[in-house]
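Both counts, for ligands and for their atoms, begin at 1 and track the order of listing.
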Amino acid sequence: MNQNADIAILVPGKLHAHAVKRIGERFRLLEVDRAVPENLTDEMKRSVVGIASSSVIDANFIDALPNLQIIANFGVGYDAVDAAHAASRGIMVTNTPDVLTEEVADTAIGLLINTVRELPKAENYLREGRWKGEGAYPLTRASLRGRSVGIFGMGRIGLAIARRIEAFGLPVSYYNRRKRDDVAYEYQSSLLSLAEAVDTLICVAPGGAATEKAVNGEVLNALGPNGIFINVGRGTAVDEDALAAALRDGTILAAGLDVFADEPNVPAALLACENTCLLPHVASASVHTRQAMADLVVDNLISWFSNGKPLTPVPETLTVQGS
Ligand code: NAP
Ligand code: 8YV
């Protein structure tokens, strides 16, 4: 039953079908194909009080909706939403932490092993009939054995990755802006010193201005010629030109990337590198986990419009109050 037909929730662009269905059952669902002010009718501008989205929501779009109360982001990373601007306007922003943590950590480990042991390439070799024709697949230059792993972004997912790496018998260290007092892993006070200390760097840091191109030529140089770089955080945290150059000239050994700065556009220079393992942003992309993320998006809206308390507010809007 639609209990809140007077509460208008806007879905700009594509959103998980389960979330759209639940919003339609519970609220008045409005849809536009892109989050740009030109797409809003006068009635939408007056009535929209909530947004559910996995699209870019910028300050202009927020300002075009004078009665907006909440933006429920599909994804734990909310760099596509101008949360600072939303906070300045007293608008709540929520994300989808925890429900995807283990899935993303599983994928990060899969990507790491595929990159180090070249499993996708070895499978292609078999499928192309080359095992029969040419003999055994060449021994991989890299191994996980003897590696030391650095995690850039030891948050929820970083910790889940670290636990898995520990089970592989490899030492873990990390860089965050703040040292954690609840983990025993070695802390490095800069990304550069982390890269100097390890030969395997896993980025699971958020996007946004603070991490823009943080993994740059200097960091990759510090990682060294045996270096493996894995990114399941955000593509914007990497200088992709510097990464492609480092892969080309042997500054590092190989990279496994699930995320890119301008998705779905993957730089030709990275595609051209033999020593990359590239995935189309699939770290959370199972039916199980995407359904849980969709539920959390809608449950945040329901909680907000029932009692003014979101389930998972982002830090920037922690003090925003419901009416
Ligand atoms: P989280 O718990 O908030 O962890 C983020 C970690 O990054 C924190 O430990 C934080 O520590 C650190 N950090 C943030 N800004 C930093 C900066 N400027 N410099 C250094 N460290 C910084 O978030 P999470 O749930 O683990 O998710 C992390 C990110 O993974 C998301 O934001 C998203 O971008 C990405 N992600 C990708 C996928 C995918 O499909 N590939 C799926 C889910 C998530 P400090 O605050 O102490 O610096
Ligand atoms: C999703 C993600 O693929 O949660 C995140 O931050 O990057 C992924 O889980 C993405 O948010 C879907 O839009």
Side-chain angles (χ1 to χ4, degrees), residues 11-19 35 52-57 72-81 83 93-112 150-163 174-183 185 187-195 201-216 219 230-238 256-261 263-264 278-294 296-297 312-316 318:
V11 174
K14 277 196 182 153
L15 183 65
H16 191 285
H18 179 65
S53 160
S54 58
S55 310
V56 173
I57 305 294
N73 182 64
F74 182 88
V76 66
Y78 56 95
D79 45 310
V81 178
V93 178
T94 62
N95 64 345
T96 61
D98 302 318
V99 293
L100 45 55
T101 294
E102 303 301 330
E103 192 83 73
V104 176
D106 291 345
T107 313
I109 295 298
L111 182 56
L112 172 65
I151 296 185
F152 171 27
M154 183 66 89
R156 289 168 291 241
I157 301 170
L159 188 56
I161 295 172
R163 291 195 174 119
Y174 72 100
Y175 164 61
N176 274 357
R177 288 165 300 184
R178 284 169 292 272
K179 183 177 186 301
R180 291 181 66 139
D181 55 17
D182 58 346
V183 300
Y185 304 119
Y187 177 68
Q188 292 287 343
S189 59
S190 75
L191 181 54
L192 187 58
S193 64
L194 179 68
L201 180 64
I202 302 179
C203 171
V204 63
T211 57
E212 179 86 24
K213 296 191 180 177
V215 179
N216 56 22
V219 168
I230 302 295
N231 194 2
V232 291
R234 281 290 181 267
T236 53
V238 181
L257 311 172
D258 183 51
V259 287
F260 302 89
E263 295 173 2
L278 306 174
L279 297 178
H281 200 146
V282 294
S284 69
S286 69
V287 170
H288 167 92
T289 294
R290 287 289 171 85
Q291 172 118 348
M293 291 164 65
L296 187 49
V297 166
T312 50
V314 304
E316 290 88 335
L318 270 180

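Proximity to Met154 (heavy-atom distance under 4.0 Å) selects the following atoms of ligand 1: 9 (O). Close approach of ligand 1 to His281 (heavy-atom distance below 4.0 Å) involves ligand atoms 39 (C), 40 (O), 41 (N). Close approach of ligand 1 to Ala210 is summarised as follows: ligand atoms under 4.0 Å from at least one heavy atom of the residue are 18 (N). Taking every non-hydrogen atom of Val204 and a distance limit under 4.0 Å, the qualifying atoms of ligand 1 come out as 28 (C), 29 (C), 30 (O). Those atoms of ligand 1 with a heavy atom of Thr211 less than 4.0 angstrom away are 17 (C), 18 (N). For ligand 2 and Ser54, the ligand atoms under 4.0 Å from any heavy atom of the residue are 13 (O).
Closest to atom 27 (O) of ligand 1 by heavy atom, among Ile157, Asn231, Ile151, Leu100, is Ile157. When Pro315, Gly155, Gly235 are ranked by how near their heavy atoms come to atom 8 (C) of ligand 1, first place goes to Gly155. For atom 11 (O) of ligand 1, the candidate residues are Val99, Val232, Leu279, Asn176; the nearest heavy-atom contact is made by Asn176.
Neither the backbone nor the side chain of Tyr78 has a heavy atom within less than 4.0 Å of ligand 1. Residue contacts with ligand 2 for Lys14 are absent, since no atom lies close enough (heavy atoms, distance under 4.0 Å). Contacts between Val259 and ligand 1, counted as non-hydrogen atom pairs separated by less than 4.0 Å, involve the side chain only. Under 4.0 angstrom from ligand 1, there are no non-hydrogen atoms of Arg180. Contact annotation: for Arg290 versus ligand 2, heavy atoms closer than 4.0 Å belong to the side chain alone. Only the side chain of Leu100 comes within 4.0 Å of ligand 2, counting heavy atoms alone; its backbone N, CA, C and O stay farther away.
With hydrogens left out, the protein atom closest to atom 47 (O) of ligand 1 is Arg178 N, 3.1 Å, a heavy atom. Nearest protein heavy-atom contact of atom 15 (N) of ligand 1 is Arg177 NH2, 3.2 Å.
Under the 4.0 angstrom criterion for non-hydrogen atoms, Gly233 is in contact with ligand 1.
Contact annotation: the side chain of Thr107 never approaches that of Val232 to less than 4.5 Å [non-hydrogen atoms, C-beta and beyond].
The shortest N or O to N or O distance between Asp79 and ligand 1 is not below 3.5 Å.
When ring centroids are compared, Tyr174 and Tyr187 come within the 6.0 Å threshold.
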